[in-house]
Amino acid sequence: MESMRLDRFLKEQGIATRSELRKIIRKGRVKVDGEVCTDPGHHVDPGINQVTFDDTPIHHSKYVYLMMNKPKGVLTATSDRYARTVLDLLPDKYRLMKVFPAGRLDKDTEGLLLITNNGTLAHNLLSPKKRVPKLYEAQLDRYPGESAITAFKEGVVINSEFTTLPADLRFISMEPVIAQVEIYEGKFHQVKRMFKAVGAEVVSLKRLKMGQLALDEMLKPGEYRELTEEEKALIGAE
Ligand code: URA
C-alpha cells in the first residue's frame with residue numbers, strides 16, 4: 001500500500017476530523033512504531049508501520065462494510081433536513097469514513113441494508129447487469145393466485161413503463177399471505193409495484209438477502225455491525 005500522511009491515515013479510520021487529529025497528534029497521543037510522532041504530515045505506510053492512538057493499535061483498511069437491519073420510518077439517504085436517515089443511526093466514526101447506503105429501501109421497508117464507502121462494490125451489487133439477486137419477504141393483503149408465480153417468472157409490466165427482469169416468487173404462508181420474491185434490479189418501489197400488477201398490495205416488506213449475504217436475524221431493527229471476513233468474501237469485498 002502506498003504511504004500517506006499520518007493525519008489522513010487516522011482520518012480514514014474514522015478516529016476524528018482532520019483538524020481534531022492535528023491537535024491530537026501534536027499532543028503526542030499517537031505513536032508510529034512505538035515512538036511518539038507529533039508531525040501530522042509524517043508519512044506512514046499502512047503495510048509496514050504500526051500506528052497507535054492512546055496506545056491502542058489502529059489497523060488501516062480503506063473500506064468499511066456495515067450490515068444494518070434498517071428499521072421502518074427511517075430514510076435510506078445520507079442526510080435529510082427533516083427526516084431521520086440511516087446514517088443518523090451510526091456513530092460519527094462511520095460518517096467520517098464517508099459511508100453511504102448501497103441501494104435504497106423505502107421508508108416503510110425494513111431489513112438488510114449494506115452501508116459502505118466502496119463505490120465500486122456498491123455499483124457491482126446494484127447493477128442489473130451483474131444479476132445479483134435481492135431476496136425480499138412481503139406480507140400481502142390477499143393471495144394473488146398461482147398465476148402470479150408465472151407472471152413474475154415472465155417479467156411483469158409495470159404501469160406500461162417497463163417490464164421487470166424475471167423474478168422468482170414463492171408463497172410461504174397463506175394466513176397471513178406471506179411471499180418471498182427474488183429480484184435482480186431495484187427500480188423505485190419495484191416489489192410493491194410488481195405485486196400491485198398481479199392484484200395484491202404489499203402490507204409490509206423486509207429485505208432478507210443481497211446475493212449470498214443474509215441479514216443477521218440477531219440484529220434488531222436499527223442495529224448494525226461490521227461484516228465478518230466471511231461475509232465480505234460473499235459479496236466480493238476487499
Ligand atoms: N421494492 C419496494 O417496493 N420497496 C423497497 O423498499 C425495496 C424494493
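Start at 1 and go down the list; that is how both ligands and their atoms are numbered.
- Annotation: Lys192 places an N or O atom under 3.5 Å from an N or O atom of ligand 1; distance criterion only.
- Regarding atom 1 (N) of ligand 1, its nearest protein heavy-atom neighbour is Val191 N, 3.0 Å.
- Under a 4.0 Å criterion applied to the non-hydrogen atoms of Thr109, ligand 1 contributes the atoms 4 (N), 5 (C), 6 (O).
- No option in Asp54, Thr38, Thr52 other than Asp54 meets the side-chain hydrogen bond (donor to acceptor under 3.5 Å, both in side chains) test with Arg29.
- The shortest N or O to N or O distance between Asp106 and ligand 1 is under 3.5 Å.
- Near Leu205, the atoms of ligand 1 lying under 4.0 angstrom from a non-hydrogen atom of the residue are 1 (N), 2 (C), 3 (O), 4 (N), 5 (C).
- Considering Asp39, Asp7, Thr17 as possible partners of Arg22, the one that fulfils the side-chain contact (heavy atoms from CB on, under 4.5 Å) test is Asp7.
- Residue His189 has at least one N or O atom closer than 3.5 Å to an N or O atom of ligand 1.
- Residues Val177 and Val191 share a hydrophobic cluster, clusters being chains of Ile/Leu/Val/Met/Phe/Trp/Tyr side chains in contact below 4.5 Å.
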The test is side chain to side chain contact (heavy atoms under 4.5 Å, CB included); show your working for Phe171 and Ile149 and say whether it passes.
CA-CA 9 Å; Phe171 292 96; Ile149 297 176; 4.0 Å; yes
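- Within a 6.0 Å sphere centred on NZ of Lys192, heavy atoms belonging to other residues, nucleotides or ligands number more than 12.
- Residue contact check: Tyr136 has heavy atoms under 4.0 Å from atoms 7 (C), 8 (C) of ligand 1.
- When side chains are defined from C-beta on, Glu201 does not count as touching Arg142, because their heavy atoms never get closer than 4.5 Å.
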